[in-house]
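What follows is a set of notes on a single structure, which appears directly below.
Model, not experiment: these values are computed from the prediction. The residues of the chain are indexed from 1 along the displayed sequence.
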Amino acid sequence: MKKIFYSLLVAVASVSFISCSSNNDEPEPNPNPNPDPDSPTETTINNFVVLNRGSKDNKINGSLSYFTYDGNLLNTTLTAFEDKDDSSLGVNPNAMAVYDNKLFVCINEANRIDIIDMDTKQKVNQITFEDQKFQHPRQIWIDEDKAYISMYDDGSEVSVSGGYVVQYDCKTLEMLQYLPVGKYCNKPDGIVVVGNFLYIAYNKNLAIEDGFEDGTTVIRLDKRTDWLSAPEDQREPITVGLNPTDVVTNGTEIFVLCEGDGVKTRSQIWKITDNYVGKFFVEGSMMKVDDKYLYVINNPKNGVSPITYKRYSVVDPNDVTDMIDPEDGVEYPTSLAIDNETGNIIIGSAIVKDGDVSNTSNGYVNVYSKEGKKLVSGETGIDPFDILVLPKK
């Protein structure tokens, strides 16, 4: 859940990050399509896909941008699935995961999950939720042939159940079980699996006017249990910062993005300790993790200027370096990914026009080496919201 708080002061301060152009020209959506001439030609950039959310306000559907690298350029295949009315990706797709060479895409507003063959780049199946209590898939995590999905409530029993976590068989697409994750929990969001346990970020009230009351919890749930028969106290609550929305893990360390209220409390990143206690780690508005480092971007929506790009040791927030030079950063970061094989850093960005973030212009991605050297850029669709580095076949 990404909200844009872009004040005039921040806009002015971030002018240095806008693509070079004359005052009368629009910024180029692909500011540097060629790699730096000094970059080694043998640089490896693995294939990745970008989920573009489009623009709900402008009735522009989401799309997928597939990127391959030929040693000189990022080559893009843009797929919006608009050839048929019933196959459009829809507005505001918001999460994706890959399984068996198929991409599972959560489309919150369309109330379904689209399944896309990665070779043909065509839809091959769907999971729909029209007849279920749970609605609007939010985030997805795939583990051992099972998909774990955070879902909203259908609105009829918010006072009783709230949001849900749902388990599906990835091979048969059969629903295996579901569970209300907490009374008044109407917006469960980020979800990961570590060992035998799910970690689900949720809020009880997601409204600024309510101060995100009680929205400071991650639920820990044993994936091996019969969820509906398990007592509620087995859904172990872990207290974290205000408004938890995303959870990331490297299989051992677990970090939670707590977006705050957008007014008084800045976005923070909390760590879940070995004894299942939430502890403040660093400030930040976007994060990814690998075995050694937590990669954090702090951008203008968090009241930060200039934008910062930091790399922290996963065990010590005082052990910190710049992952890239801020001068080489993007205009307005919207997504972040780390290629665990190469160490490359991929950052998605929106275009900034006249100090405002454009919701009608295509965005772009920059790819950086693990040393922070900018390698190449490529154009995306509107609002490049999520990036997934694809596994090699």
Side-chain angles (χ1 to χ4, degrees), residues 16-22 25-52 62-81 96 98 101 103 116-122 286 288 290 293 295 297 307 309 311 322-352 358 361-393:
S16 63
F17 296 97
I18 299 176
S19 301
C20 295
S21 63
S22 69
D25 295 334
E26 290 186 349
E28 292 293 331
N30 186 2
N32 179 23
N34 296 303
D36 188 303
D38 295 330
S39 298
T41 56
E42 66 271 20
T43 295
T44 297
I45 298 176
N46 289 329
N47 295 349
F48 62 95
V49 60
V50 175
L51 178 63
N52 309 296
S63 61
L64 294 168
S65 299
Y66 300 87
F67 286 93
T68 57
Y69 183 62
D70 66 6
N72 293 293
L73 292 172
L74 276 180
N75 299 305
T76 311
T77 301
L78 181 68
T79 304
F81 302 108
M96 57 183 173
V98 66
N101 202 41
L103 196 65
I116 298 161
D117 186 281
M118 293 302 297
D119 291 329
T120 66
K121 299 178 176 58
Q122 296 295 314
M286 197 175 301
K288 290 296 179 182
D290 64 17
Y293 300 106
Y295 300 78
I297 297 177
I307 302 167
Y309 307 83
R311 178 166 44 207
D322 287 332
M323 61 173 159
I324 66 171
D325 187 332
E327 293 293 329
D328 293 329
V330 299
E331 295 170 55
Y332 191 91
T334 56
S335 50
L336 170 66
I338 308 301
D339 184 338
N340 289 330
E341 179 184 353
T342 64
N344 290 344
I345 303 160
I346 309 171
I347 302 175
S349 177
I351 293 290
V352 177
S358 173
S361 301
N362 284 348
Y364 60 92
V365 289
N366 284 351
V367 181
Y368 303 86
S369 71
K370 62 183 178 180
E371 293 82 17
K373 184 179 181 62
K374 184 177 175 181
L375 302 175
V376 68
S377 293
E379 185 176 359
T380 67
I382 297 170
D383 191 4
F385 185 74
D386 194 15
I387 303 170
L388 181 64
V389 179
L390 299 175
K392 289 188 174 180
K393 296 182 181 179

**Asked** Sequence neighbours excluded, which residues qualify as side chain to side chain contact (heavy atoms under 4.5 Å, CB included) partners of Ser65?
**Response** Val50, Asn52, Phe67, Thr76, Leu78, Thr380
How long is the straight-line distance from [atom2] of [Y] back to [atom1] of [X], given to the nearest 0.5 Å?
X	Y	atom1	atom2	value
Ser369	Met323	OG	CE	12.5 Å
Thr334	Met286	OG1	CE	6.0 Å
Asn340	Lys370	CG	NZ	12.0 Å
Asn362	Ile382	CG	CD1	5.5 Å
Ile345	Glu371	CD1	CD	9.0 Å
Tyr295	Ile347	OH	CD1	11.5 Å

Between [Y] and [X], is there a side-chain heavy-atom distance shorter than 4.5 Å?
X	Y	result
Lys374	Ile324	no
Leu51	Leu388	no
Leu390	Asn46	no
Ile297	Tyr309	yes
Lys121	Thr79	yes
Lys373	Tyr368	no

side-chain hydrogen bond (donor to acceptor under 3.5 Å, both in side chains) involving [X] - partner list, sequence neighbours excluded:
X	result
Asp322	Lys310
Tyr293	none
Asn344	Thr342

Could you report the tightest heavy-atom contact between [X] and [Y], atom names first, then the distance?
X	Y	value
Gly363	Pro384	CA-CD, 4.3 Å
Val389	Ala337	CG2-CB, 4.5 Å
Ile387	Phe48	CG2-CD1, 3.9 Å

**Message:** Taking Tyr332's backbone N and O only, do any of them form a donor-acceptor pair with Ser349's side chain (distance below 3.5 Å, no angle check)?
**Reply:** yes
**Asked** For residues Asn101 and Asp117, is any side-chain donor paired with an opposing acceptor at under 3.5 Å?
**Response** no
**Asked** For residues Asn366 and Tyr364, is any side-chain donor paired with an opposing acceptor at under 3.5 Å?
**Response** no
**Item:** Partners passing salt bridge (Lys or Arg N to Asp or Glu O under 4.0 Å) against Asp70 (at least two apart in sequence or in another chain)
**Value:** none
**Prompt:** Taking only residues two or more places apart in sequence, or in another chain, which ones meet Asp325 in a salt bridge (Lys or Arg N to Asp or Glu O under 4.0 Å)?
**Reply:** none
**Message:** Determine whether Leu74 and Thr68 satisfy the following criterion, side chain to side chain contact (heavy atoms under 4.5 Å, CB included), listing intermediate values before the conclusion.
**Reply:** CA-CA 6 Å; Leu74 276 180; Thr68 57; over 6 Å; no
**Prompt:** Step by step, would you call Val376 with Leu73 a side chain to side chain contact (heavy atoms under 4.5 Å, CB included)?
**Reply:** CA-CA 7 Å; Val376 68; Leu73 292 172; 5.5 Å; no
